[in-house]
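Let me begin by presenting the structure, written as structure tokens, before commenting on it.
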There are 2 protein chains.
Amino acid sequence: MGRRREFDLDQALEAALCVFWRKGYEGASYNDLTQATGVERPALYSAFGNKEALFLRALERYEEQQLGFFPEALAQPTSRDVAEHILRGVAELNTRHPEHSGCFIVNGALAGSDESEPVRQALIAARAKGEARLRERFERAQQEGDLPASANCAALAAFLMAVTHGMAVQAKAGFGREALEAVADQALAAWPTNAEPL
Amino acid sequence: MGRRREFDLDQALEAALCVFWRKGYEGASYNDLTQATGVERPALYSAFGNKEALFLRALERYEEQQLGFFPEALAQPTSRDVAEHILRGVAELNTRHPEHSGCFIVNGALAGSDESEPVRQALIAARAKGEARLRERFERAQQEGDLPASANCAALAAFLMAVTHGMAVQAKAGFGREALEAVADQALAAWPTNAEPL
DNA sequence: TTTATTTCATAACGACCATTATAAAACACT
DNA sequence: AGTGTTTTATAATGGTCGTTATGAAATAAA
């Protein structure tokens with residue numbers, strides 16, 4: 001019973017996600033959020049909790065709806081295919097929307113006031129989770145003989161993440177998809193392999 | 001004539017630089033700045049202008065005092081040495097100060113409110129300047145036969161910058177110097193060369 | 001010693017921040 | 001129709017933001 005809500009939760013969350021994606025956690029004000037969502041402040045609070053909770057919900061949504069290429073990548077047959085799939089996916093995602101370029105997880109809270117520390121840590125954890133999955137995937141590749149025994153799987157995962165973060169910084173600076181693809185190509189040029197040299 | 005200033009300009013600017021380095025442009029408040037510098041607000045305004053001007057002065061200081069390894073790198077004999085010198089320098093600089101890790105130019109203003117747009121653009125320009133110098137250096141290396149004719153100098157410069165930006169994000173997330181060095185090693189593994197294969 | 005000038009410390013400014021109190025409006029159930 | 005419950009819209013809360021007005025303190029020249 002009671003009055004039924006007049007806005008769509010998913011739609012509002014999507015709009016909030018776009019604002020945070022563009023301006024980051026601290027750079028996004030409730031004026032921005034109410035304007036983008038078309039929802040008044042108290043409704044946002046009652047639906048999602050405070051700003052931090054709303055941001056964390058947006059982070060969940062981002063991972064679910066935008067990072068689908070990541071598990072796809074992990075399912076690729078070789079470690080090089082994994083890396084390439086991720087780099088292509090990042091290049092595409094970071095330039096797909098001109099009005100909020102770059103990566104939500106990198107833009108969200110790189111540096112900021114002490115009050116944004118919980119959000120910063122949540123984003124750090126999200127990146128660490130991805131890196132750990134990559135490392136595990138590369139360790140599997142090593143056991144399968146896809147990667148040479150000399151390969152440093154942790155370093156490979158960290159390197160791949162570093163390149164994606166760098167591409168995110170560049171996308172936020174206005175780099176186009178072609179420029180990011182060129183960066184990805186260079187990152188792939190060194191990928192270790194057990195394939196026979198020609 | 002007139003009362004003489006009771007604080008050291010360089011010292012105050014250095015303290016302000018550290019605050020911006022740690023919290024970014026928008027995340028740093030005048031409370032933070034006055035506390036770190038030991039200088040009252042009106043004195044900061046009369047000495048440096050407003051917050052934006054102070055930040056830009058801090059940017060100049062950062063480039064002059066912290067990025068000395070960059071021209072050093074450009075003076076290395078081969079493009080690979082250039083890249084290695086930069087990557088080692090970034091790994092060291094981004095982890096030198098535990099209380100403000102990462103890169104001032106990346107931390108400063110990646111995403112934020114519309115009011116920080118001028119600062120964002122200044123940092124983008126600073127990165128573009130470095131990338132352009134790298135590209136020119138690599139083009140010279142290509143003419144000298146150090147880089148193969150097939151090398152894409154613009155892409156190499158963008159790739160190298162991407163890795164440094166990614167290392168900055170990781171350093172801000174708490175990565176240690178060794179972890180960044182491992183990323184650097186992997187970035188160098190693919191560097192194109194005209195050397196004879198063994 | 002007076003005078004002009006610069007810097008100092010205190011405190012105020014309006015604007016915006018995230019958050020919430022309030023009450024009218026819309027619904028479900030009796 | 002009436003009652004209880006939820007959402008709505010308006011507007012106010014205290015706090016912090018960047019910036020500056022104000023007048024006392026300190027210095028150099030007259």
Side-chain angles (χ1 to χ4, degrees), chain A residues 1-13 15-20 22-59 108-109 111-120 122, chain B residues 1-13 15-20 22-59 108-109 111-120 122:
Chain A
M1 45 181 142
R3 183 170 175 173
R4 66 170 72 95
R5 125 170 337 119
E6 296 178 359
F7 66 96
D8 183 66
L9 279 177
D10 270 8
Q11 210 169 320
L13 185 54
L17 166 60
C18 291
V19 172
F20 284 131
R22 180 166 128 78
K23 301 194 169 187
Y25 174 66
E26 288 194 317
S29 73
Y30 265 93
N31 273 338
D32 298 325
L33 293 169
T34 55
Q35 182 170 344
T37 58
V39 175
E40 296 298 330
R41 276 171 247 242
L44 285 179
Y45 276 90
S46 98
F48 302 106
N50 66 6
K51 194 185 179 187
E52 180 177 329
L54 174 57
F55 182 88
L56 295 179
R57 291 284 300 271
L59 171 57
S113 78
D114 292 338
E115 287 161 24
S116 69
E117 188 64 16
V119 166
R120 242 193 81 225
Chain B
M1 45 181 141
R3 184 170 175 174
R4 66 171 70 95
R5 141 175 316 129
E6 295 178 359
F7 66 95
D8 183 66
L9 278 178
D10 270 8
Q11 210 169 320
L13 185 55
L17 166 60
C18 290
V19 172
F20 284 131
R22 180 165 128 79
K23 301 193 169 188
Y25 174 64
E26 288 195 317
S29 73
Y30 265 94
N31 273 339
D32 298 325
L33 293 169
T34 56
Q35 183 170 343
T37 59
V39 175
E40 296 298 331
R41 275 173 247 241
L44 285 179
Y45 275 90
S46 99
F48 302 106
N50 66 5
K51 192 185 180 187
E52 180 178 328
L54 174 57
F55 182 89
L56 295 179
R57 290 285 299 272
L59 170 58
S113 78
D114 292 338
E115 288 160 24
S116 70
E117 188 63 16
V119 165
R120 242 193 81 225

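What you see below is based on every heavy atom in this structure, not just the backbone, and it leaves out hydrogens, waters and symmetry mates. Below, chain A is the first sequence line, B the second, and so on; all start at residue 1.
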**Report entry** Residues forming a ring-ring contact (aromatic ring centres under 6.0 Å, His included) with A:Phe55, sequence neighbours excluded
**Finding:** A:Phe20, A:Tyr25, A:Phe104
Report task. Have a look at A:Ala28 and say if it touches a base, only the backbone sugar-phosphate, or nothing, with a 4.0 Å heavy-atom cut-off. Result -> sugar-phosphate
Spacing of [atom1] belonging to [X] relative to [atom2] belonging to [Y], to within rounding of 0.5 Å:
X       : Y       : atom1 : atom2 : value
A:Leu33 : A:Leu17 : CG    : CG    : 11.0 Å
B:Leu13 : B:Leu54 : CG    : CG    : 6.5 Å
A:Lys51 : A:Ser29 : NZ    : OG    : 7.0 Å
B:Arg41 : B:Ser46 : CZ    : OG    : 15.0 Å
A:Glu6  : A:Glu40 : CD    : CD    : 11.0 Å

Report summary line: Per-nucleotide protein contact along nucleotides 1-12 of chain C, 5' to 3', at a 4.0 Å heavy-atom cut-off (B base, S sugar-phosphate only, - neither), is ----BBBSBB--
Query raised in the report: Atom OH of A:Tyr45 to atom P of C:dA18: distance rounded to whole Å?
Result: 7 Å
Report task. Mind calculating the distance between CG (A:Leu33) and C1' (C:dC17) to the nearest angstrom? Result -> 12 Å
Query raised in the report: Which atoms form the tightest heavy-atom contact between B:Gly24 and A:Ala111, and what is the distance?
Result: N-CB, 4.0 Å
Report summary line: Tightest non-hydrogen contact, residues A:Tyr45 and A:Asn50, listed as CE2-CA, 3.7 Å
Report summary line: Sorted by chain and residue number, the salt bridge (Lys or Arg N to Asp or Glu O under 4.0 Å) partners of A:Lys23 (sequence neighbours excluded) come out as A:Asp32, B:Asp114
Query - Helical bend (five base pairs per end, nearest 10°) for the helix from C:dT1-D:dA30 to C:dT30-D:dA1 - result: 10°
Query raised in the report: Looking at residues at least two apart in the chain, or sitting in another chain, which of them share a side-chain contact (heavy atoms from CB on, under 4.5 Å) with B:Ala12?
Result: B:Phe7, B:Thr37, B:Val39, B:Phe48
Requested in this report: Would you grab the first and last nucleotide of DNA chain D (5' to 3') that comes under 4.0 Å of any non-hydrogen atom in chain B?
Outcome: D:dC17 to D:dA28
